[in-house]
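Every chain is numbered from 1, with letters handed out A, B, ... down the list of sequences.
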Amino acid sequence: MSKNLVIVESPAKAKTIEKFLGSDYTVLPSFGHIRDLSEHAFGVDITNGFQPIYEISPDKKKLVADLKKASDGAETVWLASDEDREGEAIAWHLSEALKLKHENTRRIVFHEITKPAILKAIEQPREIDIDLVNAQQARRILDRIVGFELSPVLWRKVKSSLSAGRVQSVAVRLIVDREREIQGFVSEASFRVIALFTVTDADGKPVELKAELQHRFKTKEEAYAFLETCKTSHFGIEDIVKKPSKRSPAPPFTTSTLQQEASRKLGYSVSQTMMIAQKLYEAGQITYMRTDSVNLSDLALGASKAEILSMAGERYWQFRRFQTKTKGAQEAHEAIRPTYMDKHEISGTSQEKNLYSLIWKRTIASQMSDAELERTTITIGLSNATEKFLAVGEVIKFDGFLRVYMESTDEESDQESEALLPPLKVKQPLNMNQVTATERFSQRPPRYSEAALVRKLEELGIGRPSTYAPTISTIQKRTYVEKSNLDGEMRTFTVLTLKKDKIKEETKEERFGADKGKLLPTDIGMVVNDFLMDYFPNILDYNFTANVEKEFDDIAEGQLDWQQALKHFYDKFHPMVVETMANSERRSGERILGVDPKSGKQVSVRIGRFGPIVQLGIKEGDEKPQFASLKKGQLLETITLDEALELFKLPRSLGEWDAKEMVVGIGRFGAYVRYDGGFYSLPKTEDPMSITAETAVALIQAKRESDKNRQMKVFDQDQELKILNGRYGPYISYQKKNYKISSKTDPLQLTYEACLEIIQNDTKTVKKSPAKKKTTKKG
DNA sequence: CAGTGAGCGAGCTTCCGCTTGACTT
């Protein structure tokens with residue numbers, strides 16, 4: 001046993017540091033927190049000054065025992081967890097759980113993992129900062145109280161197994177609020193006018209000059225009248241303005257900005273990005289990937305400079321130090337950057353390569369010079385109208401950081417890229433070629449993508465780098481939110497074209513409102529959000545976290561007692577919980593849409609046991625109402641009476657085939673045809689309302705054919721025993737249960753007896769507890 | 001796999017932040 005034991009949070013860090021410290025030091029990881037409030041009990045003794053009841057986390061029992069053994073054998077134990085609220089708490093929990101003695105325990109911190117930084121830290125040990133620890137305890141206990149008192153209210157008043165919390169409930173609110181904005185949005189049409197002129201370029205060749213009118217017309221008539229004026233007008237250049245401008249590089253990546261750029265540039269989901277980054281970190285290729293800091297170490301600054309100088313020369317280098325502006329940032333780590341700046345690319349999967357390359361470019365660019373641009377604006381006037389056309393061009397005079405990296409934005413602009421303009425002079429007359437007035441519509445606010453939601457949460461100071469990805473998966477797991485797949489709708493727009501003294505009017509069609517992979521609230525998400533907004537508006541307030549963070553800061557500074565802070569919160573919060581439990585109505589999102597003109601029965605929608613439903617009639621006596629499920633994409637809040645009545649047209653009969661009836665309907669997994677006891681899924685292109693009997697028969701035949709191909713072997717002895725070829729390879733199907741075939745066996749060689757033996761030996765205990773839901777591992 | 005649409009009843013669900021592996025299919 002070595003003389004010194006150093007405990008850090010992550011194993012990758014432990015490995016690196018051990019190399020720096022030599023043989024007198026053993027470095028072990030704690031794998032994050034080792035203790036927490038009890039998982040199932042409330043875990044806080046409210047009546048006893050909010051005393052937390054901690055337990056060693058079940059999966060950390062062995063680890064803590066190992067650490068205990070190592071610490072007992074060491075002369076000095078160095079607690080080297082991160083220098084932030086959570087890190088300080090980890091150090092404190094370690095000292096408590098391992099029963100470390102004050103005299104041989106040291107607390108050290110460092111912000112970059114380099115040999116000098118660590119040796120320096122060893123020289124300057126300090127005490128555990130108990131105020132900072134108390135701020136963490138207050139944070140932890142407050143989150144437990146909010147989560148474990150609010151969730152049961154939802155179980156009682158809305159639906160079982162739901163959840164609420166300081167972070168997740170605000171995340172859902174953002175999405176619900178945005179969706180309502182979109183629903184309430186009225187788009188306005190206007191006519192955008194673009195003129196094309198023919199001019200000669202520097203070589204005397206004719207080129208096109210494009211210019212947009214500075215005015216948009218509200219109506220087609222106005223646009224038409226303007227084109228009429230253009231017919232007889234002369235066009236000339238009135239003004240040319242050249243303006244130099246600069247563009248500066250973005251700071252190096254934090255967790256949040258990495259997630260945003262990887263989503264925009266590479267199309268990765270938030271959790272995908274984190275998984276790939278983790279791989280890169282473990283392979284020693286990048287620094288730690290959960291950080292809110294934009295700071296680069298002196299080492300990285302020097303290496304970046306050397307790289308830029310050798311790659312592009314002195315003119316491209318510019319020293320920059322970025323300031324973190326994020327609310328509540330704790331800055332225990334560096335920004336996310338390559339470990340070795342001279343490594344331009346790495347080996348690995350293509351995803352790892354792409355993400356690494358993104359990180360490398362962003363880091364290098366952040367130490368490069370500004371790009372210098374020149375923007376030219378040309379004003380074009382008409383001889384018989386006051387409106388002006390503008391042509392805008394931008395040229396890069398010096399590329400600077402743009403040589404390696406350009407940050408993306410969320411807005412997909414429909415502006416064409418601004419190009420180089422031909423040489424032109426003021427007062428030069430212009431030949432008008434064509435003028436078009438195109439009807440355009442104002443854009444609704446965009447829905448949140450995962451990464452855009454992370455950005456908003458970070459802006460509000462809600463959540464931490466380690467929780468962005470888990471939060472997004474939680475609100476989807478609770479079915480408050482789902483990824484959209486909206487086809488949008490078609491709309492027509494008018495285009496007026498003036499060419500050769502004639503005005504042509506065309507009607508064109510375009511798709512709008514389509515959205516893929518954006519976050520949409522579900523009915524349950526909206527009902528839960530509205531309920532919480534009604535009874536706990538202060539918790540859902542976008543500033544709630546920011547406000548309590550201020551108190552945590554005061555606790556950390558020793559200005560505020562943590563128990564008093566919690567009491568202050570609890571004394572207001574808890575009575576609201578009690579009151580809501582006792583006196584609020586159950587919520588089902590019910591809306592009465594009206595009366596069915598055919599039957600005269602009431603039509604209503606609400607959340608039923610298995611999801612949103614429409615109900616025809618009211619339960620009274622023996623009279624049972626009819627029910628139908630809402631379709632994907634329909635919301636309780638926006639469905640109309642006609643749309644609701646439409647849903648009762650399914651299931652419907654398609655007539656008989658081979659003396660058996662075919663019925664088409666929509667189930668949990670989409671549209672289907674039921675025939676002779678079997679289900680046949682409809683492809684997405686088929687509409688259950690309009691599908692014909694012929695198509696249905698073709699579907700049934702196709703499915704039977706493919707099922708036949710799936711059968712690798714059947715047995716005369718028993719119809720129920722089959723060897724099938726499935727998604728994961730060959731398997732045995734017997735009495736509706738499936739059995740694995742060892743990869744060593746050739747499935748075609750299996751005899752009937754051998755199959756039975758496999759079935760007999762199947763020791764797999766079928767877990768029937770629905771509580772232990774297996775989460776599908778898909779991102 | 002897909003039809004259902006209540007609650008006499010039994011018992012469970014849930015938070016946020018630190019960190020990585022286990023798990024089969």
Is [X] near enough to [N] that one of its side-chain N or O atoms lies under 4.0 angstrom from OP1 or OP2?
| X | N | result |
| --- | --- | --- |
| A:Arg85 | B:dC16 | no |
| A:Tyr680 | B:dA2 | no |
| A:Arg674 | B:dG3 | no |
| A:Arg156 | B:dT14 | no |
| A:Gln278 | B:dT20 | yes |
| A:His40 | B:dT13 | yes |

query: Which dot-bracket notation, 5' to 3', represents the base pairing of DNA chain B when pairs are defined as Watson-Crick or G-U with both distances under 3.5 Å, crossing pairs as [ ], and inter-strand pairs as |?
result: .........................
Taking atom [atom1] in both [N] and [M], compute the distance separating them and give it to the nearest angstrom.
| N | M | atom1 | value |
| --- | --- | --- | --- |
| B:dC8 | B:dT4 | P | 22 Å |
| B:dC12 | B:dC16 | P | 23 Å |
| B:dC23 | B:dT19 | P | 23 Å |

- request: Classify the nucleic acid contact of A:Val146 as base, sugar-phosphate or nothing, counting any heavy atom under 4.0 Å across all strands shown.
  value: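 Counting heavy atoms under 4.0 Å across all strands, no contact is made by A:Val146.
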message: Heavy atoms only, 4.0 Å cut-off, all strands: where does A:Ser151 land among base, sugar-phosphate and nothing?
response: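 Base contact.
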Answer yes if the side chains of [X] and [Y] hold a donor-acceptor pair under 3.5 Å, and no otherwise.
| X | Y | value |
| --- | --- | --- |
| A:Arg591 | A:Ser604 | no |
| A:Ser653 | A:Glu661 | yes |
| A:Gln278 | A:Tyr288 | no |
| A:Thr255 | A:Arg290 | no |
| A:Glu88 | A:Gln136 | no |
| A:Glu334 | A:Thr287 | no |

From [options], nucleotide with atom closest to [X] side chain:
| X | options | answer |
| --- | --- | --- |
| A:Ser629 | B:dC18, B:dC15, B:dG5 | B:dG5 |
| A:Arg290 | B:dT14, B:dG5, B:dT19 | B:dT19 |
| A:Glu86 | B:dT19, B:dG17, B:dA6 | B:dG17 |

In terms of relative ring orientation, are [X] and [Y] parallel, tilted or perpendicular, with 30° and 60° separating the classes?
| X | Y | result |
| --- | --- | --- |
| A:Phe42 | A:Phe148 | perpendicular |
| A:Tyr680 | A:Tyr675 | tilted |
| A:Tyr570 | A:His574 | parallel |

task: Kindly give the heavy-atom pair with the smallest separation between A:Glu55 and A:Ser38, and that separation in Å.
output: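 Residues A:Glu55 and A:Ser38, closest heavy atoms: OE2-CB, 3.3 Å.
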task: Please determine which of A:Asp143, A:Asp292, A:Asp82 meets the salt bridge (charged side-chain N to carboxylate O under 4.0 Å, His left out) test together with A:Arg464.
output: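 Result: among A:Asp143, A:Asp292, A:Asp82, A:Asp292 is the only option passing the salt bridge (charged side-chain N to carboxylate O under 4.0 Å, His left out) with A:Arg464.
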message: Quiz question: going by heavy-atom distance under 3.5 Å, is there a donor-acceptor pair between the base of B:dT13 and the side chain of A:Ser161?
response: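 Flag set: donor-acceptor pair detected.
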Side-chain donor/acceptor contact of A:Arg144 with base of B:dC16 under 3.5 Å: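 For A:Arg144, whose side chain was compared with the base of B:dC16, there is no donor-acceptor pair (under 3.5 Å).
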task: Return the stacking result for B:dT4 and A:Phe627: yes when the ring centres lie under 5.5 Å apart and the planes under 30°, no otherwise.
output: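 The ring of A:Phe627 is not stacked on B:dT4.
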task: Could you say whether the aromatic ring of A:Phe679 and the base of B:dC1 stack, counting only centre distances under 5.5 Å and plane angles under 30°?
output: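 Given the distance and angle limits, no, they do not stack.
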query: Going by number, which of residues 130-137 of chain A have a non-hydrogen atom under 4.0 Å from DNA chain B?
result: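 By residue number: none to list.
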task: Enumerate the residues from residues 461-469 of chain A whose closest heavy atom to DNA chain B is under 4.0 Å, giving them by residue number; use none for an empty result.
output: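 The answer is A:Gly463, A:Arg464, A:Ser466, A:Thr467.
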